[in-house]
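Order of the sequence lines fixes the chain letters, A, B, ..., with proteins taken first and strands second; residue numbering starts at 1 for each chain. Note: hydrogens, waters and symmetry copies are ignored here, and every other heavy atom, side chains too, is used.
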Amino acid sequence: MSARHDESRAMEPKIQSTSWNPEIEKAILKQWEEQDIYRFTISNKPAFVIDTPPPYPSGRPWHIGAAAHYAQIDMIARTARMNGKNVLFPIGIDRNGLPVEIYTEKKHKVRMRQMDREKFLELCKVALDDLEAEMIQIMKGMGVSGNFKEHYRTDSDDYRALTQLTFIELWNRGLVYLANRPNNYCPDCGTTIADAEIIYNEIPTKLVYMKFKIKETGNEVIIASTRPELLFACQAVIVNPADARYKNLQGSHAILPLFNREVQIRPHRSAKPEFGSGAVMVCSYGDQNDVQVFRELGLKEIVALNDNGLTTDAAGQYAGLRINQARTKVIEELVTSGLIVKEENIMHRTPLCERSKTPIEIIPLHDYYVKQMDFVPQLRELAFKLKFHPDMHRQILLNWLDSIAIDWPVSRRRFYGTEIPIWYCNTCKAPNLPVPGRYHRPWKEKPPFDKCEKCGGSEFTGEDRTFDTWMDSSISPLFITKFGNDQKMFSYAYPTAIRPQAKDIIRTWLHYTMLRCVQLTGKMPWDEAWIMGYGVDEKGEKMSKSKGNVVDPFPVIQKYGADTFRFWSASQANLGYDFRCSEQKIAGSQKFLSKLWNIGRFLSSFEVVEERPELEASDRWMMAELVRLVEECRKGYEEYNFFVPANAIRDFTWNLFAAHYVEMVKGRAYSNENNSAKMSALYTLHRCLSTILLLMAPIAPFISEELWTKIYSKETIHLQPMFREEKADSDVRKYTKQIIDFNSMVWNKKKATIKDGKPLSLKDPIGIPVPDELALFAKDLKEMHNLV
RNA sequence: GGAUGGGUGGUCUAGCUUGGUUAGGAUACCUGUCUCACACACAGGUGGUCGAGAGUUCGAAUCUCUCCCCAUCCA
C-alpha cells in the first residue's frame with residue numbers, strides 16, 4: 001500500500017474556504033491603513049516619486065480603462081516599494097477648466113456668462129465633490145497604495161498659486177508675450193471658444209460659383225465658395241500647383257466681383273482640383289484652412305467680423321450685418337449683376353459651437369503665448385534621453401515636436417480656471433504682475449501694489465481671463481515635490497522617477513510638462529515615462545458616452561473584487577497597447593485567483609520547511625523552473641510591464657506547478673515518515689508558493705497578503721524584497737517537456753481504458769513503465785499515477 | 001490627407017527584433033470524471049497555415065516590396 005491510501009493525514013489546512021472571497025479585501029484594507037505601511041517621509045532610502053495623473057471626475061461612470069490604468073500605476077508603486085525604494089504616490093484630482101463649467105451648467109441649468117461670476121465659481125467649486133468622493137472610494141477599494149491622507153486638487157488655492165508663480169517666473173524671464181491671432185468665436189454665444197467645445201456636423205449649404213476677372217488677360221475664372229459673404233475679406237485665390245487648367249494663371253491677379261479689388265492668384269497644395277472649379281478664394285478667415293494658408297503665404301488679414309459677430313467696415317456697403325444677412329445681400333447683388341454661374345447644394349462638414357449649434361467663426365484675438373518654438377530642439381534631444389516604456393511611444397512625442405508651428409496660447413476666456421495674475425494700469429495700459437506666492441484673482445481683487453511700475457498710475461483693471469488648464473496640469477511634478485515651497489523636499493524628490501500616463505495625451509500633458517519643467521528648473525521632470533494604451537470595448541473601439549459602450553468599473557469591482565480586476569488588467573493589457581474590456585475576461589481572471597487560493601489552502605496543511613535540504617530530482621527540476629519564472633518576471637517588472645509577470649505566473653502556477661509538480665510530490669508530502677524525501681518536497685512546495693506570492697504581490701496585493709500572512713509570516717508581504725537568492729541547475733529543465741508528455745500519455749491511456757463500462761479513474765492502477773530518460777523521477781511518477 | 005499601432009483556429013492573444021522540429025496559451029465549444037487543495041476543478045477532444053499577392057531563401061507567421069482592411073491621434 002502506498003502512502004496515498006494511508007490513513008495518516010497532514011495537519012488540518014489553516015484555510016477552510018475553497019474559494020477566494022473578495023470580502024476579505026475590506027479587512028485587509030483596514031489593516032494596511034492601521035499599519036500605515038505606505039507612508040512617505042524623507043529618508044536616506046532613495047526616493048521614487050511617481051508623477052501620477054490626476055484624474056478628472058467629469059462624470060459618471062469613471063472610465064474602466066482609467067481605473068485599470070490606476071491599478072497598474074499602483075503596481076509600479078508596489079514594485080518599487082518591494083525593491084527598497086521610498087515611494088511617493090500622490091493622489092491628485094483634476095478639477096479645473098471647461099468640463100466642470102459645462103457640468104455645472106447642466107447640473108444647475110444655468111449659463112456661465114449670464115450669471116454672476118462669483119456665484120458660478122461657487123457652484124463649480126463643489127460641483128465635482130460627489131464624483132470625486134466616488135472616484136477616491138473606487139481607488140481605495142482597488143487597493144491603490146497612494147497618499148490619500150494628503151490628496152490634492154488642481155483647483156485648490158495652493159495649486160493655483162503655484163501655477164501663477166510659475167507664470168510670473170516665465171513672464172519675468174521674457175518667455176511670455178501677447179499676440180493677435182485668429183481664434184474660434186461663436187457669434188451666438190458672443191465669445192471665443194476652445195477647440196474642445198467645437199463639434200463637427202455635415203450640414204447642407206450652397207456652393208456658389210462666381211465669376212472673377214483676370215486682371216492681366218481680361219478673361220474670367222470661375223471660383224466656387226461656400227462663403228460668398230466673405231468676398232470682401234478675400235486676400236488671394238489659390239489653385240493646386242499640379243492643376244494643369246490654371247498653370248498659366250499662377251502669378252497673375254484676380255479682380256473681386258462687387259468690390260473690384262485685385263488679389264494674387266497663387267499655388268497652394270490645399271486647393272483640391274476636384275472641389276468646385278478647383279480655384280479657391282482665401283478669406284480671413286473662412287475656416288481653419290484659411291488660417292493656415294494665410295500663415296503660409298504671409299497674407300495680411302482683413303478683419304471680417306467684430307466682437308459682436310457683425311461685419312466690419314471693411315465690408316463696405318455690407319457692414320454692420322449679421323453673417324446670414326450679409327450672405328443674402330451679397331448673393332442677391334451677385335445674381336443681379338450676373339456674376340453667378342450656378343449654385344450647388346452640397347453637404348459641408350462645418351464646425352459648430354457645441355452648445356448653440358451655431359457655425360463658429362474665426363476672428364483675430366489678443367492672447368498670451370508661452371514660447372515653445374525656441375525650446376523644441378532641446379526638447380527633442382531630451383526626448384531621446386527619456387526612457388520610454390514601451391520604447392515605441394517616443395515616436396508620438398517626436399512627431400508632435402516636429403509638427404509644432406506656433407507658440408503655446410495660454411489665455412482662455414473661461415471662468416473656472418487659474419486666473420492670469422495681471423493688472424493693467426488704467427493710465428498707460430501696462431501690465432503689472434504681483435510678487436508670486438499667494439493665489440491672486442485679479443478680476444475681483446485689488447492689486448497687491450499701489451503704483452504702476454511703468455507710469456506710476458494708481459488705478460488698475462484686473463485681467464479677467466484664465467489659463468489653459470494644461471498650464472496647471474503641466475506642473476504636477478513641481479507641485480508634488482513642493483517646488484517653491486519646501487526646498488529640502490524638492491531637492492530630495494525632484495526630478496521624479498516616473499511619469500505614468502495614457503498615450504493619447506503625450507502631445508499635451510507629457511509635452512507641456514517637459515516644456516514647463518525644463519523652462520523652470522533646467523532639468524527633465526522624470527527619468528522614465530510609462531505610457532499605457534487605451535481601454536477599448538470588446539470590439540476594439542474606443543469607449544464613449546455617445547456610442548453607449550462605456551463600461552462602469554464600480555459594479556465590476558464590487559462583483560469580482562479588486563484583485564480579480566487588477567489581475568485582469570495586468571494580464572490583459574500589454575504595455576503600451578490598447579486593451580479590450582469584457583466582463584468575460586474579468587470573470588476568467590477570477591478563476592486563476594481561485595486556483596491560487598486553493599493551492600494556498602492545500603499547502604497550508606503542511607508544515608513550512610524553510611531550511612533547504614538536499615533536494616530530490618523532482619524538486620530540483622521544479623526549482624529550476626521556478627528560477628526561470630523569477631527571471632522572466634524580473635524582466636517584466638524592470639519594464640513595468642505587468643502583462644509579462646501576470647501571464648508567466650499564471651502559466652507556471654497552473655500548468656506546471658499545480659498540474660504536474662504538485663501531483664508528483666503528493667505522495668512524499670502526505671507521507672507520515674518525516675524523512676528527507678518529505679522535507680525536500682515540503683521545502684520545494686513552500687518555496688514555490690511563497691515565491692509566487694512575492695511575484696504576485698504588486699499585481700494582486702490582497703490575496704497575496706492573505707496567503708502570505710496566513711502561511712508564512714506576520715509581516716506584510718508588501719515590504720518584503722520581491723526577489724530572493726535562489727540556486728538551481730537550469731540543466732534539469734530539459735526534462736520539462738518529457739515529464740509533461742509522459743503524464744499526458746498516462747492520462748490518455750487511463751481515459752482510453754474502459755473498466756466496468758467506465759474509463760479508468762486517475763487513481764486506478766495501470767501498468768505503464770517509466771521511460772529510461774525519466775528514471776530520475778521514476779519514484780514520484782509511479783506514485784503519482786499508481787503505476788504497477 | 002498625414003502619423004502611429006495592428007490584422008494568427010468562434011473570440012482574445014504569445015511568438016516576429018536574432019527566419020529552422022507537430023504555430024504556444026486563454027476563453028468558448030464537445031465528451032468523460034466528484035481522483036484525499038480546487039467541479040471557479042480534473043482528464044480527453046474538435047478547430048488555425050499565421051490579411052492578400054509577389055520576392056529573398058534549402059527553409060518564412062518571422063526578412064523585403066506592393067496592395068487591402070481595422071483602430072487611434074492629428075489635419
Chemist: Going by the rule side-chain contact (heavy atoms from CB on, under 4.5 Å), which residues pair with A:Glu773 if we only count those two or more places apart in sequence or in a different chain?
Modeler: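 A:Glu773 satisfies side-chain contact (heavy atoms from CB on, under 4.5 Å) with A:Gln738, A:Pro771 once adjacent residues are dropped.
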Chemist: Run the salt-bridge test on A:Arg628 and A:Glu631 with the 4.0 Å N-O cut-off and return the result as yes or no.
Modeler: no
Chemist: Measure the acute angle between the ring planes of A:His63 and A:Tyr534, then classify it against the limits of 30° and 60° as parallel, tilted or perpendicular.
Modeler: perpendicular
Chemist: What pairs of nitrogen or oxygen atoms, one from the protein and one from nucleotides 61-63 of chain B, lie under 3.5 Å apart?
Modeler:
none

Chemist: Less than 3.5 Å apart, any donor N or O on the side chain of A:Asn240 or A:Tyr246 sitting next to an acceptor on the other?
Modeler: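 No, because no side-chain N or O of A:Asn240 sits under 3.5 Å from a partner of the opposite role on A:Tyr246.
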Chemist: Which of residues 677-692 of chain A have a heavy atom under 4.0 Å from RNA chain B?
Modeler: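 Under 4.0 Å from RNA chain B: no residue of residues 677-692 of chain A.
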Chemist: My understanding is that only residues two or more places apart in sequence, or in another chain, count here; which of them pass ring-ring contact (aromatic ring centres under 6.0 Å, His included) with A:Trp747?
Modeler: A:His660, A:His785
Chemist: Please confirm whether A:Arg507 makes a cation-pi placement over A:Tyr512, using NZ or CZ under 6.0 Å from the six-membered ring centre and within 45° of the ring normal.
Modeler: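 No, A:Arg507 and A:Tyr512 do not form such a contact.
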Chemist: Of all residues at least two apart in sequence or in a different chain, which pass the side-chain contact (heavy atoms from CB on, under 4.5 Å) check with A:Val550?
Modeler: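 Listed in chain order: A:Pro61, A:Met543, A:Lys545.
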Chemist: Would you please test A:Tyr640 and A:Glu528 for side chain to side chain contact (heavy atoms under 4.5 Å, CB included) and show each step?
Modeler: CA-CA 11 Å; A:Tyr640 305 110; A:Glu528 305 178 274; 3.7 Å; yes
Chemist: When all nucleic acid strands are considered with a 4.0 Å heavy-atom cut-off, which category describes A:Asn574: base, sugar-phosphate, or nothing?
Modeler: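 Sugar-phosphate, backbone atoms only, no base.
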Chemist: Report which part of the nucleic acid A:Asp504 touches: base, sugar-phosphate, or nothing (heavy-atom distance under 4.0 Å, all strands).
Modeler: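 Contact class for A:Asp504: none.
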Chemist: Less than 4.0 angstrom between a side-chain N/O of A:Lys542 and OP1 or OP2 of B:C73, yes or no?
Modeler: yes
Chemist: Under the rule for side-chain contact (heavy atoms from CB on, under 4.5 Å), what residues qualify as partners of A:Asp402, not counting sequence neighbours?
Modeler: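 A:Asp402 satisfies side-chain contact (heavy atoms from CB on, under 4.5 Å) with A:Arg380 only.
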Chemist: Roughly how far apart, to the nearest Å, are B:U62 and B:G15 at atom P?
Modeler: 15 Å
Chemist: With sequence neighbours excluded, tell me which residues meet salt bridge (charged side-chain N to carboxylate O under 4.0 Å, His left out) with A:Asp578.
Modeler: A:Lys503
Chemist: Under 3.5 Å between N/O atoms: give me all the protein pairs with nucleotides 2-8 of chain B, atom names plus distance.
Modeler:
residue, atom, partner, partner atom, Å
B:A3, O2', A:Asn399, ND2, 2.5
B:G6, OP1, A:Tyr577, OH, 3.4

Chemist: Once pairs are restricted to Watson-Crick or G-U wobble with both distances under 3.5 Å, how does RNA chain B read as a dot-bracket string, [ ] for crossings and | for other-strand pairs?
Modeler: (((((((..((((......[...)))).(((((.......))))).....(((((..]....)))))))))))).
Chemist: Tell me whether the side-chain N/O atoms of A:Ser744 come closer than 4.0 Å to OP1 or OP2 in B:G44.
Modeler: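 Looking at the OP1 and OP2 atoms of B:G44, one of them is under 4.0 Å from a side-chain N or O of A:Ser744.
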Chemist: If you look at every strand shown and take non-hydrogen atoms under 4.0 Å, does A:Ala752 touch a base, only sugar-phosphate, or nothing?
Modeler: nothing
Chemist: With A:Phe567 as reference, evaluate A:Phe702, A:Trp20, A:Phe592 under the ring pair (Phe, Tyr, Trp, His ring centres under 6.0 Å) test and give the passing residue.
Modeler: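 That would be A:Phe592.
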Chemist: For nucleotides 20-30 of chain B, just jot down a letter per nucleotide in 5' to 3' order: B, S or -, based on protein non-hydrogen atoms under 4.0 Å.
Modeler: -----SSSS--
Chemist: Kindly write out the residues that satisfy side-chain contact (heavy atoms from CB on, under 4.5 Å) with A:Lys779, not counting sequence neighbours, or none if the list is empty.
Modeler: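 By the side-chain contact (heavy atoms from CB on, under 4.5 Å) rule, A:Lys779 matches no residue at all.
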Chemist: Scan residues 702-711 of chain A for pairs that pass side chain to side chain donor-acceptor pair (under 3.5 Å), counting only residues two or more places apart or in two chains.
Modeler: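 Of all non-adjacent pairs touching residues 702-711 of chain A, those that pass side chain to side chain donor-acceptor pair (under 3.5 Å) are A:Trp32-A:Glu705, A:Glu705-A:Thr716, A:Glu706-A:Lys710.
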Chemist: Using OP1 and OP2 only, check whether a side-chain N or O of A:Asn598 sits under 4.0 Å from B:C40.
Modeler: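 No, A:Asn598 has no side-chain N/O under 4.0 Å of OP1/OP2 on B:C40.
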